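Heads up, the thing below is written out as structure tokens.
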Amino acid sequence: MEQVQTFLAMGGYGIFVWPAFALTAVILIGLLVTTLHRLHALQNDLSRLHDPRPAAAPAHMPEARP
Amino acid sequence: MNMHRFANPGRFVRLAERILPWSGALAVLALAAGLYLSLFVSPADYQQGDSVRIMYVHVPAAWMALFVYTVIAAASASALIWRHPLADLVARASAPVGAGFTFLALATGSLWGKPMWGTWWVWDARLTSVLVLFFLYLGHMALSNAFDDQSRGNRAAAVLALVGFVNVPIIKFSVDWWSTLHQPASVMRLDGPTIHPSMLWPLLVMAVGFKLYYVSIMLLRVKSEVMAARLRARSMAAVEAT
């Protein structure tokens, strides 16, 4: 128990070290979650579009449009 | 080398899907190992005590902030010069990730500056130029979505990215050119790292983890961009058919 407390105290710098690591975790996980969320939403939208043409139709890049 | 070999978005998505399981798994492994090494294995600094552990997230985040911006600038150049169809998508996919890394570098630096320098923030060359980098990322994201016609937005953002690239060497050499509270480079030096191996290894493992994380997120986001373009093309076609 005392060892855990010593570890968490970080030699008195705990109030700086832990927020730094926590913030890193929040940003990295947050970016991952929003990225996956958007990907799944787009996958759903695409599969819901019952396009009669074959799915292999080439994707149009933004430049292809006037 | 055929630049346009991976220009086909469908082929790129298939390639991304083959890379993603590996880059994702390796990113998790490297980040977990880096976390263990930086919190449990690496020693406290003889001057800075345990506050030095902030370095293991601060420095990789700052490296990635510069690296991702360099990727965006290179992608923007190939989008403007060669009209490479995936380049715009790589830039769009990377900008929010780079902004996240830059924010982390600023915030963790602030958390490190308070106990070591006695202040959360100073307007010196290094800190100010990184803040400018953060605004460049935000400007890029805003510009690329500012027009109904996304290709116009992408082009404007690409020009911004190239003009703003001048800031990257300024950040890198700011600690040498101006007097600053920020310490000079101790890893990426021409005469080799001056940091002790017991701290260098955790830092490098963490940096590899950050890079693999970026690669994985970027591939996922490019995949999203390809699907969004497909979706737009289909709804355009549906409108034209009626």
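Please read these numbers as outputs of a predicted model, since none were measured by experiment.
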Checking L28(A) against chain B: side chain, backbone, both or neither under 4.5 Å from a heavy atom? both

Below 4.5 Å from any heavy atom of chain A, which atoms of M64(B) appear? Answer side chain, backbone, both or neither. neither

Trace of the side chain to side chain contact (heavy atoms under 4.5 Å, CB included) decision for R38(A) with K223(B): CA-CA 10 Å; R38(A) 170 149 189 257; K223(B) 201 173 146 189; over 6 Å; no

From OH (Y56(B)) to OG1 (T24(A)), nearest 0.5 Å: 14.5 Å

Counting heavy-atom pairs under 4.5 Å to chain A, which of L35(B), V57(B), T108(B) comes out on top? V57(B)

Is L39(B) in contact with chain A via its backbone, its side chain, both, or neither, using a 4.5 Å heavy-atom distance? both

Measure Y13(A) against the heavy atoms of chain B and call it side chain, backbone, both or neither at under 4.5 Å. side chain

Can you tell me how far apart CG (D45(A)) and CG (L231(B)) are? Round to the nearest 0.5 Å. 5.5 Å

Which value, rounded to the nearest 0.5 Å, describes the distance between I29(A) atom CD1 and Y213(B) atom OH? 8.5 Å

Can you sort out the partners of R126(B) under salt bridge (Lys or Arg N to Asp or Glu O under 4.0 Å), two or more places apart, ordered by chain and number? none

Do I54(B) and M10(A) pass the side chain to side chain contact (heavy atoms under 4.5 Å, CB included) test, and can you show the C-alpha distance, the side-chain angles, and the key distance before you say yes or no? CA-CA 11 Å; I54(B) 295 174; M10(A) 281 283 157; over 6 Å; no

F40(B) ring center near F7(A) ring center (under 6.0 Å): yes

Using every non-hydrogen atom in the two residues, find where F103(B) and L23(A) come nearest and quote the distance to one decimal. CE2-CD2, 4.2 Å

Is it the side chain or the backbone of A44(B) that comes within 4.5 Å of chain A heavy atoms, both, or neither? neither

Side chain, backbone, both or neither: which part of L220(B) has a non-hydrogen atom closer than 4.5 Å to chain A? both

Atom NZ in K114(B), atom CD1 in I15(A): separation rounded to 0.5 Å? 9.5 Å

With a 4.5 angstrom heavy-atom cut-off, could you sort out which part of S38(B) is near chain A: side chain, backbone, both or neither? side chain

Counting neighbours of CH2 on W18(A) that are heavy atoms of other residues, nucleotides or ligands and sit closer than 6.0 Å, is the number greater than 12? yes

Does W117(B) CH2 have over 12 foreign heavy atoms under 6.0 Å away? yes

Euclidean distance, I217(B) CD1 relative to T35(A) OG1, rounded to 0.5 Å: 4.5 Å

